[in-house]
J.: 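Here it is: the structure, laid out below.
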Amino acid sequence: MPNVLSTVAHPPATATRRRRDWRSIRLLVPALLLYVFGHVVGVLGIEAFAALAALLAVLYGLVGMAALRLLWFPLLYLLFLVPPPDTVVAAVTQPLKLAISHVSAELLNGLGYPVVNTGVILQVAQYQLLVATACAGLNSIISVSAIGLLYVYLLHGSNGRYAALLVAAVLPVAIFANFVRILILILITYHFGDAAAQGYLHSSAGILTFAMTVLGLFAVDALLAPVRHRLERSTPQPTPPQAPGGRA
């Protein structure tokens, strides 16, 4: 009986898994090196971004690209854990601080309050207030954007055009809420003194601003309900697959 020589090849799935593992390692090593660099120089943003990149590399090695596409929203959501660079914070907040200071002073002057602004410094009677970076609203914009994205994804994720419209409304709502916060702090300073404005009421104003922003987002969603219904009607519906064969 002749000997039959046969070669045993690796199954395609095994070869694909090995290639994916190597790709995962090639992605993981630079991410870990970047994490070490961020830790050495003490930049939290680099550390957080590198940790997120390492997580993506490990997940790619474990579940593959197809599963990562299904997890796109929670993975994108993790970007909110990465603090923005200081240069970006300064570039975004400086125009906001100047605009909020100027508009607040003009509005209260029109109402008869003695408020004068010089840049980001507000002179309220005998008190001076500095519109700091936190008062410009970047922190609340980021936090409310996170809540807004989750709200839009859970309630309107299937309507992409309306979801983009609602997400765009987060920024002006957050800026307006912080403008109201500045007005409240100025009025507290004028009527009750600087100590009251910088104490418990200052923290309460921040909580009130956050609540106002979230409620404002809900209000915008309710006001835009006709637009949402119109977009839903104009969105083409997928055609159900036809059964093979003719009609019964």
J.: Could you measure the distance from the CG atom of N117 to the CG atom of L98? Nearest 0.5 Å is fine.
T.: 8.5 Å

J.: Is a donor on one side and an acceptor on the other found under 3.5 Å between the side chain of S104 and the backbone of L183?
T.: no

J.: Between V82 and G45, what is the shortest heavy-atom contact and its length?
T.: CG1-O, 3.7 Å

J.: Please list all pairs passing the salt bridge (charged side-chain N to carboxylate O under 4.0 Å, His left out) test where one or both residues lie in residues 208-221, with sequence neighbours left out.
T.: D221-R228

J.: Are L71 and L76 grouped together when hydrophobic residues (ILVMFWY) are joined by side-chain heavy atoms under 4.5 angstrom apart?
T.: yes

J.: According to the ring pair (Phe, Tyr, Trp, His ring centres under 6.0 Å) rule, which pairs have a member within residues 34-63, sequence neighbours left out?
T.: none

J.: I'd like to know whether L68 forms a side chain to side chain contact (heavy atoms under 4.5 Å, CB included) with L59, so could you lay out the CA-CA distance, the side-chain angles of the two residues, the decisive distance to 0.1 Å, and finally the verdict.
T.: CA-CA 8 Å; L68 288 182; L59 288 177; 3.7 Å; yes

J.: Flag yes if V58 and V63 sit in one hydrophobic cluster, no otherwise; membership is Ile, Leu, Val, Met, Phe, Trp, Tyr, and two members link when side-chain heavy atoms are under 4.5 Å apart.
T.: yes

J.: Can you classify the ring geometry of F73 versus Y153 as parallel (below 30°), tilted (30 to 60°) or perpendicular (above 60°)?
T.: parallel

J.: Is there a path from L150 to L217 through hydrophobic residues (I, L, V, M, F, W, Y) whose side chains come within less than 4.5 Å of each other?
T.: yes

J.: Write down the atom of I46, the atom of G38, and the distance for their closest heavy-atom approach.
T.: CG2-CA, 3.7 Å

J.: So if you build clusters from Ile, Leu, Val, Met, Phe, Trp, Tyr with side-chain heavy-atom gaps below 4.5 Å, do L70 and L78 land together?
T.: no

J.: What pairs with L44 under side chain to side chain contact (heavy atoms under 4.5 Å, CB included), at least two apart in sequence or on another chain?
T.: P83

J.: Closest heavy-atom contact between L122 and S101?
T.: CD2-O, 3.6 Å

J.: Using a 3.5 Å distance criterion without hydrogens, assess whether the side chain of T189 forms a donor-acceptor pair with backbone atoms of L185.
T.: yes

J.: Quick one: salt bridge (charged side-chain N to carboxylate O under 4.0 Å, His left out) pairs with a partner in residues 143-152, sequence neighbours left out?
T.: none

J.: May I have the list of side-chain donor-acceptor pairs in residues 106-115 shorter than 3.5 Å, sequence neighbours left out?
T.:
{"from": "N109", "atom 1": "OD1", "to": "V115", "atom 2": "N", "distance (Å)": "3.4"}
{"from": "N109", "atom 1": "ND2", "to": "A105", "atom 2": "O", "distance (Å)": "3.0"}
{"from": "N109", "atom 1": "ND2", "to": "V115", "atom 2": "O", "distance (Å)": "2.7"}
{"from": "Y113", "atom 1": "OH", "to": "H191", "atom 2": "NE2", "distance (Å)": "3.2"}

J.: Please round to the nearest 0.5 Å and tell me the distance separating atom CG of D21 and atom CG of L62.
T.: 8.5 Å

J.: In the hydrophobic clustering (ILVMFWY, side-chain contacts below 4.5 Å, transitive), which residues join V40, or is it alone?
T.: V36

J.: Any non-hydrogen side-chain atom of F218 less than 4.5 Å from a side-chain atom of L215?
T.: yes

J.: Could you tell me the separation between the CG atom of L32 and the CD1 atom of I25, rounded to the nearest 0.5 Å?
T.: 11.0 Å

J.: Would you say that I175 contacts L96 through its side chain, given a criterion of any heavy-atom pair below 4.5 Å between the two side chains?
T.: yes

J.: In the single-linkage hydrophobic clustering (I, L, V, M, F, W, Y; side-chain heavy atoms under 4.5 Å), do L27 and V29 co-cluster?
T.: no

J.: For the atom pair CG (L28) and CG (L55), what is the distance rounded to the nearest 0.5 Å?
T.: 10.5 Å

